Amino acid sequence: MQTDYIIVREYCRQSCLEPTFLYALEEVGLIELFREEEEMYFTASQLPKLEQYRRMHEDLSINVEGIDAIQHLLDRMESLREEVNALRSRLRLYEP
């Protein structure tokens, strides 16, 4: 399976974003960056989440710590949604 990589410097240049924002996201564990030779990269599969974080930061003026808290709550909501669906499926076994 082939993985596509995006250069941090190029992404930041095209999206008018400071690289320090991506480094801060990595520091709190929201994205994963890696270095190869002298360049920093991230996988293309992270792009949708990164765009979501960028919009939160630029459009809503939410800092990285706030984005981290919001993402934690969104993950928790998804987990609870999956649990509710599993419980509903189990309850259907007992319905006539």
Side-chain angles (χ1 to χ4, degrees):
M1 182 168 144
Q2 182 180 355
T3 304
D4 293 326
Y5 299 102
I6 298 172
I7 300 171
V8 168
R9 179 178 40 83
E10 286 299 314
Y11 172 77
C12 290
R13 184 182 61 77
Q14 291 181 7
S15 61
C16 299
L17 194 63
E18 288 294 321
T20 54
F21 177 67
L22 273 67
Y23 302 146
L25 290 174
E26 179 192 33
E27 192 173 300
V28 296
L30 291 172
I31 63 170
E32 187 176 336
L33 301 177
F34 62 95
R35 178 183 297 275
E36 189 172 304
E37 296 177 12
E38 295 299 315
E39 289 286 353
M40 294 294 287
Y41 297 88
F42 62 93
T43 59
S45 63
Q46 297 181 87
L47 195 55
K49 282 291 184 188
L50 184 54
E51 286 296 311
Q52 181 183 16
Y53 302 148
R54 184 177 67 83
R55 286 191 308 274
M56 284 184 202
H57 181 68
E58 291 179 350
D59 298 344
L60 303 174
S61 300
I62 300 173
N63 63 14
V64 173
E65 292 78 13
I67 293 170
D68 185 34
I70 290 169
Q71 187 59 51
H72 173 74
L73 291 172
L74 290 172
D75 291 344
R76 181 72 176 132
M77 281 178 42
E78 183 60 31
S79 171
L80 290 171
R81 184 177 294 121
E82 290 171 3
E83 184 178 347
V84 166
N85 288 336
L87 291 171
R88 282 183 181 155
S89 294
R90 287 178 55 192
L91 282 173
R92 284 189 191 113
L93 295 174
Y94 301 105
E95 291 178 348

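All of these numbers come straight from a predicted model, not from anything done at the bench. When reading the values below, keep in mind they use all heavy atoms of this one structure, side chains included, and skip hydrogens, waters and symmetry mates. This chain uses plain numbering: 1 for the first residue, then up along the sequence.
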Original post:
What distance separates L17 CG from Y53 OH, expressed to the nearest 0.5 Å?
Top reply: 14.0 Å

Subject >> Residue pair S79 / E82, side-chain donor-acceptor N/O under 3.5 Å >> reply: no

Original post:
Quick one: are M40 and R9 in side-chain contact, heavy atoms under 4.5 Å?
Top reply: no

Original post:
For the side-chain contact (heavy atoms from CB on, under 4.5 Å) test, which of I6, L22, L30 pairs with L50?
Top reply: L22

Original post:
Looking at side-chain heavy atoms only, is the closest gap between L87 and R90 below 4.5 Å?
Top reply: yes

Subject >> Contact summary for Y41 and I7, nearest pair of heavy atoms >> reply: CE2-CG1, 3.3 Å

Give every donor-acceptor pair under 3.5 Å between a side-chain atom in residues 31-38 and any protein atom, sequence neighbours left out.
none

Subject >> Atom pair CG (L74) and CE (M77), whose distance is rounded to the nearest 0.5 Å >> reply: 6.0 Å

**OP:** Take H72 and D75 through the test side-chain contact (heavy atoms from CB on, under 4.5 Å) and record every step on the way to the result.
**Re:** CA-CA 5 Å; H72 173 74; D75 291 344; 5.7 Å; no

Original post:
Crowded around E78 CD? As in, over 12 foreign heavy atoms under 6.0 Å?
Top reply: yes

**OP:** Output the distance between atom CD (E65) and atom CG (D68), rounded to the nearest 0.5 Å.
**Re:** 8.0 Å

Original post:
Between I62 and I67, which heavy-atom pair has the shortest distance, and what is it?
Top reply: CG2-N, 3.5 Å

Subject >> Spacing of CD1 belonging to I70 relative to CE belonging to M56, to within rounding of 0.5 Å >> reply: 5.0 Å

Original post:
In terms of heavy-atom contacts, does CD of E83 have more than 12 from other residues, nucleotides or ligands at under 6.0 Å?
Top reply: no

Original post:
Which value, rounded to the nearest 0.5 Å, describes the distance between R76 atom CZ and R81 atom CZ?
Top reply: 12.5 Å

Subject >> side chain to side chain donor-acceptor pair (under 3.5 Å) partner of R54, chosen from H57, E58, Q52 >> reply: E58

Subject >> OG1-CD distance between T20 and E26, expressed to the nearest 0.5 angstrom >> reply: 12.5 Å

**OP:** Report yes or no: do V28 and V8 belong to one cluster of Ile/Leu/Val/Met/Phe/Trp/Tyr joined by side chain heavy-atom distances under 4.5 Å?
**Re:** yes

Original post:
So which heavy atom on L47 is nearest to which on Y11, and how close?
Top reply: CD1-CE1, 3.7 Å

Original post:
Closest heavy-atom contact between C12 and P19?
Top reply: SG-CA, 3.6 Å

Original post:
Does the salt bridge (Lys or Arg N to Asp or Glu O under 4.0 Å) test come out yes or no for R92 and E95, once each step is laid out?
Top reply: CA-CA 5 Å; R92 284 189 191 113; E95 291 178 348; 5.4 Å; no

